[in-house]
Amino acid sequence: DLQECLDTLAALQVRKDRADLEVLLVQRYPDMAADGTLDLQDFISLVLALHDEWVTAGYFTAARKVLRLPAAATVPEEGVGARYLRELLIYMEVFSFPPGVTLKDLVALGDPDSSGLIGLPGFIAVMRALRGAELSEFRSTAGFADHELEKFRAMFKKFCGPDNRLSSTQLNRLFADVGRLPRNKEEQHKLVSLERRVDRTGTRTLGFPEFAHLFRIWSNETARETARQRIQAGAEAGLTPRTGRKLSTAYSTRAE
């Protein structure tokens with residue numbers, strides 16, 4: 001739905017104003033306007049379009065800086081020298097590469113005919129490849145830092161079976177151990193649905209990467225629901241939504 005789209009785009013670090021995104025979703029996609037939902041293919045096309053829009057704007061700004069052109073000057077259509085790729089990426093706040101990705105690989109991707117130039121299409125290809133590699137790494141870690149993953153690995157090993165996978169029963173025991181069990185029937189149904197969604201083998205068991213992915217989504221969803229309840233309680237107590245959100249955020253920060 002709309003809220004899930006906006007939350008997912010925010011998690012993907014899509015750089016666009018939230019209000020503009022809401023208007024764009026409703027205007028561009030009939031399903032969103034009709035029943036408030038977006039199918040997977042439309043969502044993927046939306047993410048790619050927004051990503052390319054951001055990269056395009058960034059490319060021209062970075063190219064002018066690299067070539068030392070005035071702000072209103074036109075960037076050569078054929079592009080900029082491939083030797084400037086590292087500088088272009090730094091202007092796009094890409095300071096390091098995902099594991100297995102080298103600058104040489106990226107130059108070859110952005111300049112496939114070895115002309116020595118990288119134009120906008122080539123730069124978009126480079127940025128898409130980097131984003132894909134980052135998302136691949138994200139999927140394997142669920143976005144957790146190394147020290148967090150080590151903590152979750154210990155939790156996982158404590159409850160998993162000899163096959164290094166968690167059954168539904170073992171997952172419930174783990175969640176009970178860390179105080180994350182569903183609080184009502186609605187949350188129980190959501191957790192069961194989430195298990196099925198992240199299970200890549202169809203065996204109704206979860207390996208560690210699947211468990212980390214589930215834990216990330218479940219933590220985000222329960223945190224969002226808790227925040228919603230606090231804001232609602234604040235509204236009933238006469239607080240404005242803005243004040244309710246501030247108090248909810250402050251409470252969550254203290255709890256952590």
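All residue numbers refer to positions in the sequence shown, counting from 1.
The main-chain N or O of H147 is never found under 3.5 Å from a side-chain atom of E150 such that the two would form a donor-acceptor pair. Between the side chain of S115 and the main chain of D111, no donor-acceptor pair closer than 3.5 Å is present. A distance-only check finds a donor-acceptor pair linking the side chain of R64 to the backbone of A73 [under 3.5 Å]. Between the W218 side chain and the R180 main chain, a donor and an acceptor come within less than 3.5 Å of each other. Within the 3.5 Å criterion, the main-chain N or O of A176 finds no donor-acceptor partner in the side chain of N172.
By the neighbour-count criterion of 12 heavy atoms within 6.0 Å, atom CZ of R86 is densely surrounded, having more than that number from other residues, nucleotides or ligands. Within 6.0 Å of CD in E78 there are more than 12 heavy atoms belonging to other residues, nucleotides or ligands.
Note: F215 and F175 have perpendicular aromatic rings, judged against thresholds of 30 and 60 degrees for the angle between ring planes.
Cluster membership for Y91 and L67, using ILVMFWY side-chain heavy atoms within less than 4.5 angstrom, is shared. L171 and V178 end up in the same hydrophobic cluster when Ile, Leu, Val, Met, Phe, Trp and Tyr side chains are linked at under 4.5 Å. In the hydrophobic clustering of this structure, I90 does not group with I118; members are Ile, Leu, Val, Met, Phe, Trp, Tyr whose side-chain heavy atoms approach within less than 4.5 Å, directly or through other members. Under a hydrophobic-cluster definition in which Ile, Leu, Val, Met, Phe, Trp and Tyr are linked whenever side-chain heavy atoms come within less than 4.5 Å, directly or via other members, V66 and L117 are assigned to different clusters.
Aromatic pair F156/F152: centroids not less than 6.0 angstrom apart.
Contact annotation: the side chain of N164 never approaches that of F208 to less than 4.5 Å [non-hydrogen atoms, C-beta and beyond]. Put simply, the side chain of Q188 does not reach to within 4.5 Å of the side chain of L181, judged on heavy atoms. Within the 4.5 Å cutoff, the side chain of L89 has no heavy atoms near those of the F95 side chain. Counting only heavy atoms from C-beta outward, the side chains of L206 and T201 never approach each other to under 4.5 Å.
Judged as a side-chain contact (heavy atoms from CB on, under 4.5 Å), and not counting sequence neighbours, the contacts of K158 are D177. Scored by the side-chain contact (heavy atoms from CB on, under 4.5 Å) test, A125 finds L109 as partners (sequence neighbours excluded).
Put simply, the residue from K185, R183, K190 that forms a side chain to side chain donor-acceptor pair (under 3.5 Å) with E187 is R183.
With rounding to the nearest 0.5 angstrom, the CZ atom of F123 is 11.0 Å from the CZ atom of F60. The line from CG of L106 to NZ of K104 is 12.5 Å long, rounded to the nearest 0.5 Å. Rounded to the nearest 0.5 Å, atoms CD1 (I124) and CD (E53) are 11.0 Å apart. Atom CZ in R131 sits 11.0 Å away from atom CG in L48 (nearest 0.5 Å). From F211, atom CZ reaches atom CG of L166 across 6.5 Å, with rounding to the nearest 0.5 Å. To the nearest 0.5 Å, the span separating CD on E195 from OG1 on T205 amounts to 10.0 Å.
A side-chain donor-acceptor contact under 3.5 Å links T102 and D105. Looking at D52 and T56, their side chains never bring a donor and an acceptor atom within 3.5 Å of each other.
The two residues L103 and L85 make their nearest non-hydrogen contact at CD1-CD2, 4.1 Å. When all heavy atoms of V55 and M92 are compared, the closest pair comes out as CA-CE, 4.0 Å. Between A133 and V101, the shortest heavy-atom distance links the atoms CB-CG2, 4.0 Å.
Comment: E210 engages R165 in a salt bridge, judged by a side-chain N to carboxylate O separation of less than 4.0 angstrom.
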